[in-house]
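Input: a single structure, listed below in structure tokens.
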Amino acid sequence: MFALIVRRLLQSILVMASVSVISFSLFNFVGDPVNNMVGQDATREDRVRIRQELGLDDPIIVQYGRFLGNAIQGDFGLSYRIKRPVDQLIAERLPATLELVFVSALIALGFGITAGVYTGIQRNSWASRLVLSGSLIGVSLPTFIIGIGLIYLFAVHLRWLPSSGRGGVIDLGGWKTSLLTIDGWRSIILPAITLSLFQMTIILRLVRAEMLEVMQADFIKFARARGLSERAINFSHALKNTLVPVVTIIGINIGGLIAFSVITETVFQWPGTGLMFIQSVDFVDVPIMSAYLCFVALVFVVVNLVVDILYFVIDPRIRLGAK
Amino acid sequence: MATTKPPLGFWGRLADNDVAHSFLTTPSAMIAAGIAVLCIGAALLAPLIAPFNPFDPSQISLWDGKLPPAWIEGGQAQYLLGTDNQGRDMLSTILYGGRLSIIVGLAAVCLGMVLGVVLGVISGYFGGTVDSIIMRAADVQLTIPGILLAILINGVGRAVLPLEMRDEFAIYVVIVAIGLTDWPQFARVVRGATMVEVSKEYVQAARVIDLPGWMIMVRHILPNVMRPVLVLATIGLALAVIAEATLSFLGQGIPPTTPSLGTLIRVGNEFLFSGLWWITFFPAIALVVLVFSVNLLGDWMRDALNPKLR
């Protein structure tokens, strides 16, 4: 088991190393960094001096080493456009994204697992059929169309909920949260539902498939023969055994939610990291692009690693098989 | 005793296999295929069937701008689905936009498919270091969500181009961005299938008679690994159309001068608050119907062509 974790760890480091090379090469491929830092009227001497100060005349491998050293400390330099440290900008906007992802994950898991269990047990009821066909449409609807639809219905037509922004914000020692104001909750409902819908359908389908499989297993028949109540069978025997794939999904889920937050945040003008990323792509603000890429890759790698380790903890078969 | 069958004509042979049989007995597949063919056909024939040419300034008048669909009060019969803010007929712009979306989707899938299949076959055939390098690259790429990578490649592509060429080459940049994010899926599946084929006797026989490696790969292995590729390509088409629409919606894709469905939705979104719902609604419906029918078709193909993939 230890060897396996070490191997996974090495693989993660390899992934991060590749991503860092891509992030680094962004700086060299896209435009001239000096042009992005000085004004139009800078003299030739100024440019040469800045090139030397930035170390752009050093061999590429030395530059990469410097980039890597800084990146590990979270230092990605100054944003070309806003002229402020990128790590500060990301730190400021991270709470908005994380709160959105957190609420969406709760919605996706809550509804996804409940509906999955229900459709798995009552597989032939009309409600199950309705939920399942609904989920097929959910997979086919692009995120931004769901967002636009919700905005039109609840913000433009019914005027119940705000269509953009984060609402009131309370500062908790540097972490600006909108989850403590009514206004904030009203603002988060639509984006959170939009973001969760796709993940919800995937969780629903997976839990349902697992439930169907588990319900055929011998230990369920045995539990029935013992005369256990339907409720005890469904929840303490069947559901428990569907948890392994659900853990994987939660892992992939978090990564996917962060990725798709780019779209949702744009639709709802949610002031998070995703919106910042899109704006940085618009203005070719390379330091932010490169930092965001590293950040997302890091989230994915860490989540995957944690999921792999959780497998060992949850499922004894994998633990024993890995010996 | 040999049973003699009457010789089948071309259509007979086409209908006389398991795939065709599955198709003809699955109503959802037939409906999906019908809608998909209708969508794609209507879009590709846009210049012939569209009532207006939305790119011809002489056919557009701003006086006719923001008209609602024909069946709502204030609508005009000649503009069946209404007009957008510039006075372009919605039906025509949707047909032309759909054409662009489908062309971009097809081209992107083809790029991803060719790249993935070539790398997959090479990876599975040679194994060893080549295999490790290609598959690690695929792993790394799959770590980053596809749509993010597409946005990034697309953004870099746009930034590298000079300003005046950006709009003109936007389509190619989008195709490359989506195609490049697509290949690992193909490569993984093809590699797996190739590894199965390589161990079979016919490949060993081909090796024994000393055929060159590329010939074994192209002539012998490739035809035998194409079935799952077809399934992936169909589902990939739906995903590529969504990816293009998403990029365009985010303002990173096809420019508004030659709008795709995603661009139309983005432009229309700005008028949503003033109650002009049809400028967004109809392109969105067109996109969803297109993606949904292609998805259904892909679902059926997955079951019919390769039960193992399920």
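Proteins get letters first, then strands, A, B, ... in listed order; numbering begins at 1 in each. The structure displayed is predicted, hence computed values, not measured ones.
Using a 4.5 Å cut-off between heavy atoms, B:L287 touches chain A through its side chain atoms alone. Using a 4.5 Å cut-off between heavy atoms, A:V15 touches chain B through backbone and side chain atoms alike. With a 4.5 angstrom heavy-atom cutoff, B:F292 touches chain A via backbone and side-chain atoms both. If you measure heavy-atom distances from B:R136 to chain A, the contacts under 4.5 Å come from the side chain alone. Of the two parts of B:A284, the backbone and the side chain both hold a non-hydrogen atom closer than 4.5 Å to a non-hydrogen atom of chain A. The contact between A:I145 and chain B is made entirely by side chain atoms (from C-beta outward), counting heavy-atom distances below 4.5 Å. Contact annotation for B:D139: only side-chain heavy atoms (C-beta onward) come within less than 4.5 Å of a heavy atom of chain A.
Note that the CG atom of B:L148 and the OG atom of A:S261 stand 7.5 Å from one another [nearest 0.5 Å]. One finds the CD atom of A:Q279 at 11.5 Å from the CG atom of B:L250 (value rounded to the nearest 0.5 Å). B:N269 CG to A:I151 CD1: the interatomic distance, rounded to the nearest 0.5 Å, is 6.5 Å.
The candidate from A:V267, A:V262, A:I278, A:T266 with the greatest count of non-hydrogen atom pairs under 4.5 Å with chain B is A:I278. The candidate with the highest count of non-hydrogen atom pairs below 4.5 Å against chain A, out of B:T280, B:V294, B:I242, is B:I242. Taking chain A as the reference chain and counting heavy-atom pairs below 4.5 Å, the highest number among B:I265, B:I147, B:L296, B:V241 is found for B:I265. In terms of heavy-atom pairs under 4.5 Å with chain B, the best-connected choice from A:F300, A:F144, A:Y292, A:F260 is A:F144. The residue among A:D282, A:L14, A:V299, A:V19 with the most heavy atom pairs within less than 4.5 Å of chain B is A:D282. If you tally non-hydrogen atom pairs under 4.5 Å between each of B:N295, B:V291, B:V288, B:T246 and chain A, the highest count goes to B:T246.
Residues B:F249 and A:I148 have side chains in contact (heavy-atom distance under 4.5 Å, counting atoms from C-beta outward).
For A:Q269, the CD atom sits in a packed shell: over 12 heavy atoms of surrounding residues, nucleotides or ligands are nearer than 6.0 Å. Counting heavy-atom neighbours within 6.0 Å of A:Y64 OH, excluding the residue itself, gives a total above 12.
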